[in-house]
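Inspection log for the structure reproduced underneath, given as structure tokens.
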There are 2 protein chains.
Amino acid sequence: MSLDYAILGFLNYHPYSGYDLKKVLDVSVRHFWNADQSQIYRTLARLTDAGYVNMEMVEQSQRPDRKVYHITSTGHSALLQWLSGPPPLGSTHSGPMVQVFFMSALSDAEILRQFEGYAHIMRSVLAQYDQVPQQVENVYQDVQSPRERFFWLLTLDSGLRTMRANLEWAEAAIKKMKAGQIPVDKEQK
Amino acid sequence: MSLDYAILGFLNYHPYSGYDLKKVLDVSVRHFWNADQSQIYRTLARLTDAGYVNMEMVEQSQRPDRKVYHITSTGHSALLQWLSGPPPLGSTHSGPMVQVFFMSALSDAEILRQFEGYAHIMRSVLAQYDQVPQQVENVYQDVQSPRERFFWLLTLDSGLRTMRANLEWAEAAIKKMKAGQIPVDKEQK
DNA sequence: GAGACATATTAGACTTATCCTATATAAGAT
DNA sequence: ATCTTATATAGGATAAGTCTAATATGTCTC
């Protein structure tokens, strides 16, 4: 459901086509929302039915025609109401944590290898965060007002802090493991 | 897809019915996986079709009959393979971050109120984490081997660290806002 | 001039998840 | 007596997300 409002949010900045939205979403909010291209088109159709957006056909001679979507005043109100409402917490689903929870079934060596893999992924994600600001400078020029920028930076900061906490967690776990602190069950060979 | 392995993981500890699994999941892994009851039954049916679990009918005179599920050797291998494979990162979806990203459309007062709401929720989640260990002591006695416990505690530690990082983020944001650091756009009234 | 790549939209099949509800039984409370 | 809670399973409807690929055109490179 938040995809509806992510799209409304962008259309509130500027009119976009489905194709534009995919690019803009990928560049700006990828760190907390990944949008499937075909889901974007379906959502646009739904938002049109709901009267939250209007479609404008823009003919192009050299390329396929674009369908550019504009937010309506109904859509604008709906966005504001959602923004000031409770956070959409939804359902918690962390696949990696499921893996960790049942990891006792693996050998100590395999477990250590898994955690080093985790730490490696987390470090590379942290490295990617450094590049996001520049990418936005180049591609995503409609959300550049200082006020909008402030909140975009807040989401980036949240991602950074969370990922740093995750990495510290993985490193602390590895340290414990290397100190031989994984308990061994009796039936374990 | 991780629900499949969460269920396999528990059946690897002990045979359970769908009803048991719902309770066990709610008590132990709720902080990173919330399972819909009817989804559990559907998943058990799917796992049975796949040959990963077997169903055993247990007749009861006073109550409806139980269908107790046992993991098969095929299921056991599948679990081990999944556990030693790459972390199921899946798709990133954070509704709250969508809210923050587009929050510039609200007034400064509403924004501050939203963030204080966030911080409040985060504090109460942190308080709930303290109660989880006791609940597990009481209800969830099959996952009590020291080795299994070690990994259960690791998932708890991850949740704690993440939530603490989130709270620090919200508090830092509130501080900035109170210091009048939210930029104001020209067209803003 | 062949092939790769970028632009631009959309459909179809499939999987997964969520919500609500129905069914049945019995214990315990008010 | 009735209401709630607990035990136990499951179906229908809807929503949401994923994967794949079809359609159409222009540019750029080798």
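Chain naming here is simple, since letters A, B, ... match the order of the sequence lines and numbering starts at 1 in each. Keep in mind that the numbers below use all heavy atoms, side chains included, and drop hydrogens, waters and symmetry copies.
- Think of Y19(B) as one node in a network of Ile, Leu, Val, Met, Phe, Trp and Tyr side chains linked at under 4.5 Å; its network also takes in Y41(B).
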Please encode protein proximity along nucleotides 11-18 of chain C as a string of B, S and -, counting only heavy-atom distances under 4.0 Å.
BBB--SBB
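- Centroid-to-centroid, the aromatic rings of F10(B) and F101(A) come within less than 6.0 Å.
- DNA chain C is contacted by no residue of residues 74-81 of chain A, taking any non-hydrogen atom closer than 4.0 Å.
- In this structure, CG of D20(B) is placed 12 Å from C1' of dT9(D), rounded to the nearest angstrom.
- Taking the ring centroids of H120(A) and Y118(A), they lie at or beyond the 6.0 Å cut-off.
- When the P atom of dA8(C) is taken as reference, atom CD of E56(A) falls 15 Å away, rounded to whole Å.
- The distance from atom CD1 of I40(A) to atom C1' of dT7(C) is 15 Å, rounded to the nearest whole Å.
- Between the C1' atom of dA6(C) and the NZ atom of K23(A) lies a distance of 9 Å, rounded to the nearest Å.
- Under 4.0 angstrom from either OP1 or OP2 of dA10(D) there lies no side-chain N or O belonging to Y41(B).
- Between D49(A) atom CG and dA15(D) atom P there is a gap of 12 Å when expressed in whole angstrom units.
- Ionic pairing of K22(A) and D36(A) is not present here: no N-O contact between side-chain nitrogen and carboxylate oxygen is shorter than 4.0 angstrom.
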Which atom pairs, donor and acceptor, lie under 3.5 Å between side-chain atoms of residues 168-182 of chain B and protein residues at least two apart or in another chain?
{"unit_1": "W169(B)", "atom_1": "NE1", "unit_2": "L154(A)", "atom_2": "O", "d": "2.9"}
{"unit_1": "E171(B)", "atom_1": "OE2", "unit_2": "R123(B)", "atom_2": "NH2", "d": "3.0"}

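- Only one option out of W82(B), W33(B), Y52(B) pairs with Y5(B) in a ring pair (Phe, Tyr, Trp, His ring centres under 6.0 Å); it is W82(B).
- Residues satisfying the side-chain contact (heavy atoms from CB on, under 4.5 Å) test with H70(A), not counting sequence neighbours, are P15(A), E56(A), V68(A).
- For the pair L25(A) CG and dG17(D) P, the computed distance is 12 Å after rounding to whole Å.
- The separation between K22(B) atom NZ and dT5(D) atom C1' is 16 Å, rounded to whole Å.
- For Y19(A) and dT9(C), the shortest distance from a side-chain N or O to OP1 or OP2 is not below 4.0 Å.
- Judged as a side-chain contact (heavy atoms from CB on, under 4.5 Å), and not counting sequence neighbours, the contacts of T43(A) are L3(A), D4(A), I7(A), Q39(A), R46(A), L47(A).
- Atom C1' of nucleotide dA10(D) and atom CE of M55(B) are separated by 12 Å, given to the nearest angstrom.
- The closest donor-acceptor contact from the side chain of R147(A) to the backbone of P183(B) lies under 3.5 Å.
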